[in-house]
Visitor: 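Can you read through this structure? Questions will come right after.
Just follow the structure's listing: the first ligand is 1, and inside any ligand the first atom is 1.
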Amino acid sequence: MTTARPRAGQIQTVLGAIAADDIGVTLPHEHLFIDFTVMYAQPVAASDHGRGSEPVSPANLGWVRQHFNANLDNLRLTDERVARDEILLFKNAGGRTVIDPTPRSLARDPLALARLARATGLNVVMGAGYYVAASHPPDMDRRTVDDLVREIVADVTGGVGETGVRAGLIGEIGCSWPWTDNEKKVVRAGVLAQRETGAPLMIHPGRDRRAPMEIAEFVQKEGGDLRRTIMCHICRTIADVRAVLALARTGIWLEYDLFGLESSYYPYNPSFDMPNDGTRMAHVLALIEAGHGPQVLVSHDIAYKSALVTYGGYGYHHLLVNVVPRLRAKGVDDAGLRRLLVENPARAFAFG
Ligand SMILES: [Zn+2]
């Protein structure tokens, strides 16, 4: 197996490096294959227990949408044919590239991603590293930072195991709130691996409005490059747009990656009202207005069957089909849309 890293300005897909200029319309955060059952929460009410293990179907879809982490089947995206049909909707709507930041601890599947890229003609970019502590392997306490760096660098430069499929980004690295020592160790390893490989770094923050800034300061202190670091899930973490603007001033990428979630109930944090697409667009417009448009990324973070068209959801094409016309109506012109959907991802995912 050869060991190589892409040249600066290239993007590393599961089928090899491409020029950043060839990225086209890009979804910067979607899960094509994932086993997310580590996030399963058994329904509280005894009369709902059975629903936790039912297959997702029209009979329970209303309940599953509301309690999307309380049904095991909903947390598994493992069917290749479904994945292909679903992502082709994005391609048919004008899409070209999908970033799948599923880390190894959520059943990342390099060979399936490569097959999907060949079958669809889409560019697919794969992640590396570890999600939140709840998903860490049992020996994580004993793993050293060096160990983790070596593993991440190997995924990026040599490919995962014997698959020959290389990761094109480091992440999504998972952080909880409060932030655990092992999670901090993985972020530190991610920063060092970024310095060694030039790969982009993507971080999933804990569910507290203070988490993104705390992590950004940590990454900077460790010598990371915030201009090549992506902070995920801004909309479920920070409600106050002024706090988002303060974060933007650090230079970090701000990812509004839960487009399509229109319900205010957020089962992972019921005390937080999840915003809808209207509020997400308002934040994006405020960032553009303040001059931070070149730091914004938009996606759906689909990781649940209930989000797929096959199961009555909005699908990977939702942004292009439903949100782009609304942004246009709100005054974002062709150049602004191109920046949001093409130019920003091209810069965010290019190797340094
Ligand atoms: Zn995430």
Visitor: Could you tell me whether Asp334 and Arg328 have a side-chain N and a carboxylate O separated by less than 4.0 Å?
Guide: yes
Visitor: Does Arg207 qualify as a cation-pi partner of Tyr268, given the criterion of NZ or CZ under 6.0 Å from the six-membered ring centre and within 45 degrees of its axis?
Guide: yes
Visitor: When you measure from the Zn ion (ligand 1) to the N, O or S atoms of His29, does any of those distances fall below 2.8 Å?
Guide: no
Visitor: Quick test of your reading of the model: are Lys184 and Asp181 salt-bridged, counting only N-O distances below 4.0 Å?
Guide: no
Visitor: Only N/O/S atoms count here: what is the atom of His204 closest to the Zn ion (ligand 1) called?
Guide: ND1
Visitor: Look up atom CE in Met213 and atom CE in Met231, then write down how far apart they are to the nearest 0.5 Å.
Guide: 9.5 Å
Visitor: Please name the atom of Glu172, restricted to N, O or S, that is closest to the Zn ion (ligand 1).
Guide: OE1
